[in-house]
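This report refers to the structure that appears directly beneath it.
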Amino acid sequence: MIPILALKVDVDTYAGTRDGVPRLLEILDSFGVKATFYFSMGPDNSGKAIRRIFTRKGFLQKMIRTKAPSMYGIKTLLYGTILPAPQIAESFPQILQSTMYRGHEVGIHCWDHVRWHDKLPKMSIDMVRGDLDKASRLFQTIYHCRAETTAAPGWTVSPASLQVQDALSLRYCSDSRGYSPFYPVVNGTRYSTLQIPTTLPTMDELLGTNGMSPGTINEQYLSLIRPGLNVHTIHAELEGGGMSDVFIDLLRRLQKANARFITLSQAAEEANTSTIPDCALVMKNFPGRAGLVAVQE
């Protein structure tokens, strides 16, 4: 069976939108590959993530292991603290529009990436709805259509976020880590929005672990890809930045292996709706990440 690969692109920051997305569009165009991009629509408060040093075990080690200051840039790590938080989507509407015009699927990542990632468990349903409403209105202003998919920052969900997503009548979401499309069940409640989980580890989860380097990481990816659907989340700030050559090499290897590339919407369409299971979705520790992640069980 030919491996199928859906590329999910998380765009977290101002710099990632400005610099990483255009670079990724060039790379993907050169390979004839279409992907699904999720944009952070509101302010870039990346500097506030420094609080995770005190609240998330392993965060500092991950920052050191992945060389985050050089990957993301010092300015990004100061936004929302010493430097004011710039608005992302409002600053670069033409880049967001170009992504869709070039044939890629687009969706909402969040309004404020750090706020969602760090505060969601304590956010009321009205607060969650408020964030997604702001992101949805700006998305519609830029694209002249409503968003049909969202993907939670840091794979962080709550009953409130899943309930709000259901109310938005989305085609599907990609909020979780797992192995196949499913309908999420949390604390005994089944939610009606299809989840298409990320199945492969991200670059920042692998780099620096067990001697993994940019020169060896693609061998690891090739060993993990299985027949059928594989969902690979990449980041505009990494694969569209300092790790772009590594990403190009991965695409070359995958094309040589005759992998078939699809968007997440195509994955949703190809899922057999009569056999999609209901699966528990649990926030738990996950290899390579600091903090809890939504995992399909």
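Atom set for the values below is all heavy atoms of this structure, side chains included, hydrogens, waters and symmetry mates excluded.
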Take K122 and M127 through the test side chain to side chain contact (heavy atoms under 4.5 Å, CB included) and record every step on the way to the result. CA-CA 9 Å; K122 297 181 180 179; M127 294 168 70; over 6 Å; no
Yes or no on side-chain hydrogen bond (donor to acceptor under 3.5 Å, both in side chains) for Y172 and S265, after CA distance, side-chain angles and deciding distance? CA-CA 8 Å; Y172 69 88; S265 63; 5.1 Å; no
Criterion side-chain hydrogen bond (donor to acceptor under 3.5 Å, both in side chains) on D126 and S124, from CA distance to verdict: CA-CA 5 Å; D126 287 339; S124 69; 5.1 Å; no
Please test Q255 against V33 for side chain to side chain contact (heavy atoms under 4.5 Å, CB included), starting from the C-alpha separation and ending with a verdict. CA-CA 10 Å; Q255 284 200 333; V33 169; 4.2 Å; yes
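Q163 is not listed as a side-chain neighbour of V128, based on a closest heavy-atom distance of 4.5 Å or more. A heavy-atom distance below 4.5 Å is found between the side chains of L5 and L200. The side-chain heavy atoms of I234 and M243, taken from C-beta on, include no pair separated by under 4.5 Å. For the pair T76/Y14, no side-chain contact is recorded, criterion being any heavy-atom separation below 4.5 Å from C-beta on. No side-chain heavy atom of T199 sits less than 4.5 Å from a side-chain heavy atom of L229. Taking the side chain as every heavy atom from C-beta outward, F37 and L25 approach each other to under 4.5 Å. You'll find the side chain of Y191 stays beyond 4.5 Å of the side chain of C173, heavy atoms only. The shortest distance between side-chain heavy atoms of L292 and N285 falls below 4.5 Å.
The hydrophobic cluster containing M283 also contains F182, counting ILVMFWY residues as joined when their side-chain heavy atoms lie under 4.5 angstrom apart, directly or transitively. Linking Ile, Leu, Val, Met, Phe, Trp and Tyr whenever their side-chain heavy atoms come within less than 4.5 Å leaves L24 and Y38 in two separate clusters.
For F247, there are no ring-ring contact (aromatic ring centres under 6.0 Å, His included) partners, not counting sequence neighbours. In this structure, the ring-ring contact (aromatic ring centres under 6.0 Å, His included) partners of Y221, at least two apart in sequence or on a different chain, are H232. In this structure H109 satisfies the ring-ring contact (aromatic ring centres under 6.0 Å, His included) test together with H113, sequence neighbours excluded. F139 is linked by a ring-ring contact (aromatic ring centres under 6.0 Å, His included) to Y143, counting only residues two or more places apart in sequence or in another chain.
Residue pairs meeting the salt bridge (charged side-chain N to carboxylate O under 4.0 Å, His left out) criterion with at least one member in residues 150-167: none, sequence neighbours excluded.
Taking CZ of F39 as the start and CG of L138 as the end, the distance is 11.5 Å to the nearest 0.5 Å.
Residue V295 belongs to a hydrophobic cluster whose other members are W155, F286, V293, with links defined by side-chain heavy atoms closer than 4.5 Å.
With N218 contributing its side chain and T216 its backbone, the two residues share no donor-acceptor pair below 3.5 Å. Counting only distance, with no hydrogens or angles, the side chain of Y101 and the backbone of L96 share no donor-acceptor pair below 3.5 Å.
Judged purely by distance below 3.5 Å, without hydrogens or angles, the side chains of Q165 and T193 never pair a donor atom with an acceptor atom. In this structure, a donor-acceptor pair under 3.5 Å is absent between the side chains of S46 and T13.
Salt-bridge formation is not detected for the pair E105/K34: no Lys NZ or Arg NE/NH1/NH2 atom is positioned less than 4.0 Å from an Asp or Glu carboxylate oxygen.
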